[in-house]
Protein chains: 2
Amino acid sequence: MSDRFWSLSTRVETCTRRLCTRAYFGSMEFSKNPAQARVLGGQMLSPLIQKIETRFHLSDYDRKALHQLSARLVRVMAHRDLIEEGKASDHITFIRSGFACRYRILPDGGRAIIAYLVPGDTCDLYAPLLGRMDHAVATVTRCDVAVVSRQDLGMLTSDHPAIAGALHITDLVDEAISREWLVSMGRRSAEKQIAHLLCELLARLQVVGLATSDSYEFPITQADLADAAGLSVVHTNRVLQTLRAEGLIVLRNKTLFVPDLNRLHTFSDFDTRYLHLPQNLYSAERRRIISGVARLQ
Amino acid sequence: MSDRFWSLSTRVETCTRRLCTRAYFGSMEFSKNPAQARVLGGQMLSPLIQKIETRFHLSDYDRKALHQLSARLVRVMAHRDLIEEGKASDHITFIRSGFACRYRILPDGGRAIIAYLVPGDTCDLYAPLLGRMDHAVATVTRCDVAVVSRQDLGMLTSDHPAIAGALHITDLVDEAISREWLVSMGRRSAEKQIAHLLCELLARLQVVGLATSDSYEFPITQADLADAAGLSVVHTNRVLQTLRAEGLIVLRNKTLFVPDLNRLHTFSDFDTRYLHLPQNLYSAERRRIISGVARLQ
DNA sequence: CGGTGCGTTGACTTCGATCAAGAGATGTGG
DNA sequence: CCACATCTCTTGATCGAAGTCAACGCACCG
């Protein structure tokens, strides 16, 4: 409810929780005034640009085009649907700040969180290729999301194949993350699974400058962690306590510190490779190689 | 060891199992004679073409190009690596017959199967975009795989955007399958999870004509099922027995029958939607719509 | 005929779910 | 600014699902 935001129409306010007893709150969004939206474009997609440029070389021409893409900023409360299951929208939603998640609700009322989305991630990039969304996307914390029209983005990607390629790579990495989650759920103990997830979030947040080398803001609820790990809330709580007791993590004031990253990595069998980050984030040569391969496609 | 195959060089023979005590067997493959390979091209990629055409309209021009793509057929024994973790190959491998899987080996020796591949699936389509493989691919049963040079496929897809789009959609469906597996592992009981997997395989095999409306050949080992479900072999065995006792499945002569598909679907909470098959596989209109959207990208 | 892979069974243990209740936070309305 | 409701985290007790260990039968195969 910062003074920079003011109330407007509400597109994104459906409640997520199964037994939601929350009152209705309208979402907040920027004015739809195109001029203003355009001015803010660069800022709005900056986590995305940052993420892309970690792995991929963008020319000034490409970067400028991304900056100039007109987008609408929407502020959404925690635990609200961004995209409902079964919908097909003509807009694409980017997370600008906050955490979101992909999830499914099961007939017995259970909820499975399939992925976490952090700033720079897209909610529904390729959704229309498949027709309808086979899962929903919701905020986990309060989020600012940037909404871009599919048409605008389509024009951008056909003018800028490098951007199209970068977005594709981004999607392939999300796929790798899903696979790693499957490994975690299938064959790692609850402790290792949660620890692994915390390592992953650290690495992903570092890419967009939202984590230091050993800490990040961690506003995720234990219930939301539980649904992502496939555990009960009670057990998730105990797992976190164990990790804290072992000195593997320190959780204070909704901030996660990792006293000894190597120890946490070893404990949780975390290996950054699946995130496909360049060894040295600033290796220009490496970026050139990657973008060369991408263009071959 | 059919008379149609004869032994040649061995590219793909590394052993998968953690405690593999198998003797070494060379893989079998077709002659590399280009003329012969070309003649067989159409047959070799036919499950892929079949899969693509389920969701996507290909022009005669596109289909012909796929048929004419030169490929090398390789016969591989059960439980052999097709692609090793960490490798980056200049070839693309398609499953032509048999089952394969994506997997990871964990430090404690455990194996996690992340996906099953059935005829028509690709093993490593976008692998080079990410640099190295972050997981391995192995056969589950004996497989015939078609190996295509990346360069040939690159030329094909740049000449035929519809094929590129179709392959992309194929990949998005694989992603949806991963998500569904995550839901299964996280929030479904072992019985439902296995039942769900059996439903999924039925649907996927039907697409490539390898399943009837209620049955398919099921040569997957309980150990391989266990690694896919994240269960122990013993428990997998008991789960299968329960499903059989409930009359939900009949497993005889390595063939799976589903006496009452609706019952199995309801029991396992299976909903075909995530596979994004058209309601009516033969609806030309639906295919046109899909391919229209794809071309927009 | 003995090895080996695969399925099966039983006994026991452990991990994680469930149920129940309480303690701080946090936030909202009066 | 207080009072109340609601989250959120926490703890204890008990139950059930799944893992582990060990052994056996059967089919296949060299």
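Chain letters run A, B, ... following the sequence lines, proteins first, then strands; residues in each count from 1.
When side chains are defined from C-beta on, Leu261(A) counts as touching Leu202(A), because their heavy atoms get closer than 4.5 Å. A heavy-atom distance below 4.5 Å is found between the side chains of Leu201(A) and Phe218(A). Put simply, the side chain of Glu200(A) reaches to within 4.5 Å of the side chain of Tyr274(A), judged on heavy atoms.
Nearest nucleotide to the side chain of Val234(B), out of dA17(C), dT20(D), dT18(C): dT20(D). The Ser232(A) side chain lies nearest to dT18(C) when the options are dG7(C), dA18(D), dT18(C). When each of dC9(D), dT18(C), dT9(C) is scored by its nearest atom to the side-chain atoms of Thr221(A), the top-ranked nucleotide is dC9(D). The side chain of Asn237(A) approaches dT11(D) more closely than any other nucleotide in the set dT11(D), dT8(C), dT8(D). Comparing dA17(C), dA20(C), dT8(C) by their closest approach to the side chain of His235(A) singles out dA17(C).
Taking atom CG of Asp227(B) as the reference point, atom C1' of dG19(D) lies 14 Å away to the nearest angstrom. Regarding Met185(B), its CE atom lies at a distance of 15 Å from the C1' atom of dG16(C), rounded to whole Å. For Arg80(B) and dG5(C), the CZ to C1' distance is 13 Å, given to the nearest whole Å. In this structure, the CG atom of Leu240(B) is 13 Å from the C1' atom of dC6(C), given to the nearest Å. dA17(C) atom P lies 13 Å from atom CG of Asp108(A), rounded to whole Å. Regarding His79(A), its NE2 atom lies at a distance of 10 Å from the C1' atom of dC7(D), rounded to whole Å. Rounded to a whole Å, the CZ atom of Arg252(A) is 17 Å from the P atom of dC9(D). Arg187(B) places its CZ atom 16 Å from the P atom of dA17(D), with the value rounded to the nearest Å.
Look at Gln241(A) and you'll find a side-chain N or O under 4.0 angstrom from OP1 or OP2 of dT11(D). At the phosphate of dT10(D), OP1 or OP2 sits under 4.0 Å from a side-chain N or O atom of Gln222(A). Contact annotation: Arg244(B) side-chain N/O to dG7(C) OP1/OP2 distance is not under 4.0 Å.
Side-chain atoms of Arg238(B) and base atoms of dG7(C) include no donor and acceptor less than 3.5 Å apart.
Note on Arg188(B) versus Asp269(B): salt bridge recorded, some NZ/NE/NH1/NH2 to OD/OE distance being below 4.0 Å.
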Do any side-chain atoms of residues 228-242 of chain B form donor-acceptor pairs under 3.5 angstrom with protein atoms, and if so which ones, sequence neighbours left out?
| from | atom 1 | to | atom 2 | distance (Å) |
| --- | --- | --- | --- | --- |
| Ser232(B) | OG | His235(B) | N | 3.2 |
| Thr236(B) | OG1 | Ser232(B) | O | 2.8 |
| Asn237(B) | OD1 | Gln241(B) | NE2 | 2.2 |
| Asn237(B) | ND2 | Gln222(B) | OE1 | 3.0 |
| Thr242(B) | OG1 | Arg238(B) | O | 2.8 |

